[in-house]
Participant: 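Please read through the structure below; I'll follow up with questions.
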There are 2 protein chains.
Amino acid sequence: MQRSVKMKDVARAAGVSVMTVSRAFKKDGSVRPETRDAILKVAEELGYVFDSTAANLRSQRTDFIAVTIPSINNANFADTVAGLSDVVSGEGLQVLLAYTNYDMEQEERAIEQLLRRRPEAIVVTGGKHTPRARRLLESAGIPVVEAWDLPPDPVDNVVGFSNAATMETMVTHLVAQGHTRIAFIGGDADADTRGADRRHGFSGAMSAHGLTCDRLIEAGPPPISMREGASAMARLLELHPDTEAVVCVSDLSAFGALTECQRRGLRVPEDMVITGFGAYEIASVCVPTLTTVNPFPQKIGEETARLILQALQKPARHQVRQIAPELVVGGSSERHVERVSG
Amino acid sequence: MQRSVKMKDVARAAGVSVMTVSRAFKKDGSVRPETRDAILKVAEELGYVFDSTAANLRSQRTDFIAVTIPSINNANFADTVAGLSDVVSGEGLQVLLAYTNYDMEQEERAIEQLLRRRPEAIVVTGGKHTPRARRLLESAGIPVVEAWDLPPDPVDNVVGFSNAATMETMVTHLVAQGHTRIAFIGGDADADTRGADRRHGFSGAMSAHGLTCDRLIEAGPPPISMREGASAMARLLELHPDTEAVVCVSDLSAFGALTECQRRGLRVPEDMVITGFGAYEIASVCVPTLTTVNPFPQKIGEETARLILQALQKPARHQVRQIAPELVVGGSSERHVERVSG
DNA sequence: CGTGGCATTGGTATCGTTATCAAAGCAACT
DNA sequence: AGTTGCTTTGATAACGATACCAATGCCACG
């Protein structure tokens with residue numbers, strides 16, 4: 001059994017002490033280069049695999065960065081994790097990922113599980129948590145980052161943007177195009193807090209523009225799929241056939257809505273204007289391209305990573321870093337349909 | 001500092017020994033229910049958070065299942081991880097994820113890092129690895145699963161399917177529709193072994209049907225995006241304008257190709273037949289729907305999980321579980337375009 | 001009433017590394 | 001030569017849980 005090769009065995013074989021072997025495995029250990037090379041060679045020959053469980057306990061460091069996201073199967077959150085992971089892995093830190101299925105109870109359990117692993121820092125998506133989850137985060141004694149949101153009362157650090165404000169921008173864009181009968185397709189308000197914020201942002205913006213906001217289509221619990229976007233569009237057309245434009249909670253539902261229009265022979269944007277959210281790849285490839293909002297998910301991850309690395313070096317609390325989202329106007333809301341460079 | 005609350009402190013506060021506290025935190029510990037409840041209550045009040053780093057070392061169990069995937073931002077692999085995670089989490093096991101960017105060197109490093117964490121089992125995507133990565137897996141002393149492939153010489157267990165065979169099915173389907181001038185859009189052969197297998201499967205199938213196979217479009221290194229699918233289609237139309245059908249390495253590139261046709265006014269499937277791979281959601285939503293192959297990614301994950309759970313209970317080696325992929329015929333390859341139920 | 005068996009609890013050594021302190025070796029200086 | 005300072009190495013005691021064995025209390029039974 002190779003598995004029982006320990007540092008002691010390597011030390012014996014290399015003719016040094018375990019302490020020297022230990023140092024040889026650290027990158028900044030003060031070991032003579034020739035000694036280190038010899039040790040690593042012996043270790044490789046013996047099939048030794050460093051045991052971080054022991055190192056973790058003794059050094060009180062795990063080099064884990066804990067992260068919770070609503071769903072692993074969402075390109076936006078995946079981009080955030082990728083950005084975060086790429087930056088922290090350069091410092092020898094590893095992401096420990098858990099997902100919550102857009103459920104605060106499950107988030108609480110995930111946070112508890114993650115904290116037991118003694119991560120160096122923890123990142124959660126969104127700013128709404130169960131009371132106990134909040135307590136766990138507050139007393140964790142490590143840097144906490146809430147991402148993808150701007151919570152009114154942050155636990156600690158924040159890297160995000162105002163979901164509501166993006167909808168304001170979007171409604172203003174549509175009103176500028178001359179539309180007034182504007183609908184919203186989104187999920188159930190409670191489960192997906194970012195989706196709910198967008199819904200509230202939409203209603204607020206409509207009121208601000210003096211428009212009535214009675215075309216809200218519930219697309220069910222998150223995540224809202226393309227298919228659910230399509231069926232929501234079908235429902236919208238039944239309930240409010242005179243709708244001019246529809247704001248969707250994400251590009252996925254927006255694309256679904258777009259296909260439903262295509263199936264019904266409705267032209268986009270001539271007969272129906274559609275907008276999405278997230279700047280998923282599909283938004284810039286489909287025909288017509290989708291008007292959307294780019295929240296720069298990867299950038300959120302990278303900025304989160306940088307914030308964490310700083311906080312680990314020199315403790316700091318309650319930092320807020322806003323990532324300004326960008327309106328991306330596509331053919332789905334404009335007469336002049338641009339083309340994707342092929 | 002709450003962080004310094006240890007089991008000893010809980011034990012003292014609850015008036016029991018540390019051993020009893022330890023047992024109270026295990027689900028099957030032999031502790032009187034009232035004692036357990038009292039201990040857990042005291043622990044919660046003190047803000048005690050169980051320290052698994054210590055438990056891991058002493059019990060020689062981490063309850064980690066290590067997993068490497070080529071990219072976190074791929075719905076198919078995400079589904080596999082979700083399926084795996086859902087099943088193992090029921091047994092108190094947690095997925096420890098790393099990604100390789102479709103690079104064997106990076107896979108080797110990821111595997112080494114993961115093994116240091118002493119996982120209970122390790123899952124890798126695909127059946128091709130660097131010699132050292134293979135050695136690491138072989139001597140890890142834990143169950144190993146290669147997923148998403150049927151390697152000719154497996155390291156240990158396998159849960160997957162033949163990527164080449166799926167292309168055989170696809171070509172046969174297209175030939176049955178009367179097509180002969182069939183092209184392939186895919187990535188560079190070396191980096192993505194599954195993509196390469198599909199390419200080889202395609203060429204083999206073409207030859208088997210007596211067709212020439214000279215319409216291979218290189219779409220660059222993986223992952224092949226929608227946009228790359230679109231530009232590959234543009235190149236194909238320049239090089240071989242008389243192409244009747246194109247087999248794409250994935251639904252993403254297939255959708256990109258579809259949009260390129262739409263922009264050029266080519267009708268699908270009348271003027272151009274397109275097929276994909278993966279049964280991504282978009283394949284069943286876009287207009288027309290895409291003919292594709294469903295490899296049941298979630299099922300691969302679930303089956304992998306079950307195999308691992310069995311192997312952990314009763315050691316077993318070299319099991320192979322095939323997940324039969326399914327041809328999904330959509331509107332992109334058939335005259336009778338079906339509709340998505342809206 | 002003594003004994004056996006079960007449920008529950010406690011004491012102690014230990015998992016495999018690293019923090020810490022100490023010492024040895026060596027070069028450069030007074 | 002003795003001293004200082006630096007680099008490199010080693011011995012020992014932890015890190016905070018759990019495995020293992022032992023002991024206690026209680027009930028049922030002959």
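Quick note on labels: first sequence line is chain A, next is B, and so on, each numbered from 1.
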Participant: Among D/dA17, C/dG10, D/dT9, find the nucleotide with the atom closest to the side chain of A/Arg23.
Facilitator: D/dT9
Participant: Rounded to whole Å, how long is the line connecting atom CZ of A/Arg118 with atom P of C/dT17?
Facilitator: 21 Å
Participant: Reckon A/Thr53 touches a base, only the sugar-phosphate, or nothing at all at heavy-atom distances under 4.0 Å?
Facilitator: nothing
Participant: So does B/Glu34 have more than 12 non-hydrogen atoms from other groups sitting under 6.0 Å from CD?
Facilitator: yes
Participant: Would you mind classifying the nucleic acid contact of B/Ser52 as base, sugar-phosphate or nothing, using non-hydrogen atoms under 4.0 angstrom?
Facilitator: nothing
Participant: Under the 6.0 Å and 45° cation-pi test, does B/Arg117 pair with A/Phe64?
Facilitator: yes
Participant: Taking B/Asp192 for its side chain and B/Arg194 for its backbone only, find out whether a donor-acceptor pair lies under 3.5 Å.
Facilitator: yes
Participant: Ignoring the backbone of A/Met19, work out which of C/dT20, D/dT9, D/dC15 is nearest its side chain.
Facilitator: C/dT20
Participant: If only side-chain N and O atoms of B/Tyr48 are considered, is one of them under 4.0 Å from the OP1 or OP2 phosphate oxygen of D/dG16?
Facilitator: no
Participant: Give the rounded distance in Å between these two atoms: NZ of A/Lys6 and C1' of C/dT14.
Facilitator: 12 Å
Participant: Do A/Leu40 and A/Phe25 have side chains that get closer than 4.5 Å, going by heavy atoms?
Facilitator: yes
Participant: Given atom CZ of A/Phe25 and atom P of C/dG16, what is their separation to the nearest angstrom?
Facilitator: 15 Å
Participant: Provide, to the nearest angstrom, the distance between the CG atom belonging to A/Asn56 and the P atom belonging to C/dC15.
Facilitator: 18 Å
Participant: Whole-Å distance between C/dT14 C1' and B/Met7 CE?
Facilitator: 16 Å
Participant: Take the protein atom CZ of B/Arg32 and the nucleotide atom C1' of C/dC6, then report the distance between them rounded to whole Å.
Facilitator: 15 Å
Participant: Name the residue closer to the 5' end of DNA chain C, choosing between B/Ser59 and B/Thr35 according to the nucleotide with the nearest heavy atom.
Facilitator: B/Thr35
Participant: Could you tell me the separation between the CG atom of B/Asp51 and the P atom of D/dC15, rounded to a whole number of Å?
Facilitator: 12 Å
Participant: Any donor and acceptor pair, going by atom type alone, linking the side chain of A/Asn157 with main-chain N or O of A/Gln319 inside 3.5 Å?
Facilitator: yes
Participant: Out of D/dA17, C/dG10, C/dA19, which nucleotide sits closest to the side chain of B/Thr20?
Facilitator: C/dG10
Participant: Counting only side-chain nitrogens and oxygens, does B/Gln60 get under 4.0 Å of the OP1 or OP2 atom of C/dG16?
Facilitator: yes
Participant: In terms of side-chain heavy atoms of A/Ser30, which of D/dA17, D/dA11, D/dT9 is nearest?
Facilitator: D/dT9
Participant: Taking the minimum atom-to-atom distance to the side chain of A/Lys26, which one of C/dT18, D/dA19, C/dG10 wins?
Facilitator: C/dT18
Participant: Rounded to the nearest angstrom, tell me the gap between atom CZ in B/Arg61 and atom P in D/dG16.
Facilitator: 23 Å
Participant: Choosing from D/dA11, C/dG10, C/dT9, which nucleotide comes nearest the side chain of A/Ser17?
Facilitator: D/dA11
Participant: Take A/Val18 and A/Arg58, find for each the nucleotide of DNA chain D with the closest heavy atom, and name the residue whose nucleotide sits nearer the 5' end.
Facilitator: A/Val18
